[in-house]
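Whatever order the structure lists ligands and atoms in, that order sets their numbers, starting from 1. Note that the structure is a prediction, hence the values are computed from the model and not measured.
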Amino acid sequence: MTPWIKSQTSDRYLAPIRQQIIDRIPDQSHVWEVGCGTGALLLEAAPKLKLGIGWDADPSLIHFANCRRQKMGIGHIAFETHRVHGTSTPPYPMDLAIACLFFHVMPIDAAVEILEQMAMISSRVIIMGFCQPSTQKQARLNWLDQRFTGHYLHFEAYQEAGALAGIIEMARLNIEDHWHTHDESLVCYELSS
Ligand SMILES: C[S@@+](CC[C@H](N)C(=O)[O-])C[C@H]1O[C@@H](n2cnc3c(N)ncnc32)[C@H](O)[C@@H]1O
């Protein structure tokens with residue numbers, strides 16, 4: 001999917017979920033987003049941020065995010081191409097670290113390491129992703145959504161590990177809050193270490 005198609009399809013579908021997250025960002029925050037994709041969340045949150053850093057492994061998404069940022073005249077957000085791993089973080093503490101639809105695209109041990117790292121650099125962490133399906137219908141829809149992606153094997157392992165709740169447990173973080181979204185497959189958690 002090209003960055004432009006993503007911005008017109010999944011980004012639009014996810015807009016209400018991003019708003020739920022943005023509502024929880026305190027004014028003047030320093031926010032780090034891993035796997036920021038087209039940058040939609042940080043760009044929409046821009047008026048509330050003192051500083052935003054978005055990292056993604058895909059240079060075409062980062063290029064798209066930076067073009068949008070420039071068009072919007074935003075100077076306090078930086079998008080950078082980074083393949084995040086267990087020891088890569090910004091060099092200073094952040095108020096909030098965010099990851100959306102991120103942990104099911106990689107091996108479980110990498111997901112747990114990155115989540116631990118997010119909690120180390122930031123007192124608050126908000127993550128959004130697939131929960132375990134509660135109905136057969138939901139399980140089939142998730143399968144259809146993920147089966148033909150390049151990361152399907154990671155998604156399968158993620159589901160077997162208990163999905164987002166399983167990753168949180170493995171990273172030994174505390175759940176401060178969680179909330180549902182307009183998509184019954186997607187859930188958000190606020191965490192602390
Ligand atoms: C399913 S997309 C979600 C994008 C965006 N957060 C959203 O909600 O639309 C997962 C993103 O994670 C990025 N990604 C995967 N592994 C990564 C890594 N190790 N470091 C940084 N980004 C990564 C991909 O390039 C992709 O943009």
Any idea which of [options] brings a heavy atom closest to [atom]?
atom: atom 15 (C) of ligand 1; options: Leu14, Leu41, Ile21, Val105; result: Val105
atom: atom 27 (O) of ligand 1; options: Leu186, Val84, Asp56; result: Asp56
atom: atom 14 (N) of ligand 1; options: Phe102, Phe155, Trp55; result: Phe102

Query raised in the report: Taking C-beta and beyond as the side chain, do Val125 and Leu96 meet within less than 4.5 Å on heavy atoms?
Result: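 Side-chain contact under 4.5 Å: no.
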Query raised in the report: Does the side chain of Lys6 come within less than 4.5 Å of Leu61's, by heavy atoms?
Result: yes
Is the distance between the ring centroids of [X] and [Y] under 6.0 Å?
X: His182; Y: Tyr13; result: yes
X: His180; Y: His178; result: yes
X: Phe155; Y: Phe130; result: yes

Query - Same cluster (ILVMFWY, side-chain, under 4.5 Å), Tyr92 and Met118 - result: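 Per the 4.5 Å side-chain linkage, Tyr92 and Met118 are co-clustered.
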Report task. Measure the distances from the heavy atoms of His85 to every atom of ligand 1 and state whether one is below 4.0 angstrom. Result -> no
Query raised in the report: Under 4.0 angstrom from ligand 1, any heavy atom of Val34?
Result: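 In this structure, Val34 fails to qualify as a contact of ligand 1 - no heavy atom is under 4.0 Å.
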Report task. Answer yes or no: does an N/O atom from Cys100 fall short of 3.5 Å to an N/O atom of ligand 1? Result ->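 Min N/O separation from ligand 1 is below 3.5 Å for Cys100.
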Query raised in the report: Below 3.5 angstrom, do we get any N/O pair linking Gly35 and ligand 1?
Result: yes
Go through ligand 1 atom by atom and flag the ones less than 4.0 Å from a non-hydrogen atom of [X].
X: His82; value: 20 (N), 21 (C)
X: Leu61; value: 27 (O)
X: Asp58; value: 25 (O)
X: Arg83; value: 19 (N), 20 (N)

Of all the non-hydrogen atoms in the protein, which one sits nearest to [atom], and at what distance?
atom: atom 9 (O) of ligand 1; value: Lys6 NZ, 2.8 Å
atom: atom 3 (C) of ligand 1; value: Leu101 O, 3.5 Å
atom: atom 22 (N) of ligand 1; value: Ala57 N, 3.1 Å

Report task. Go through the side-chain N and O atoms of Gln8 and Arg12 and say whether any donor and acceptor fall under 3.5 Å apart. Result -> yes
Query raised in the report: For residues His151 and Gln146, is any side-chain donor paired with an opposing acceptor at under 3.5 Å?
Result: yes
Report task. State whether Arg83 and Asp56 are salt-bridged, where the test is any N-O pair (Lys NZ or Arg NE/NH1/NH2 against Asp/Glu carboxylate O) under 4.0 Å. Result -> no
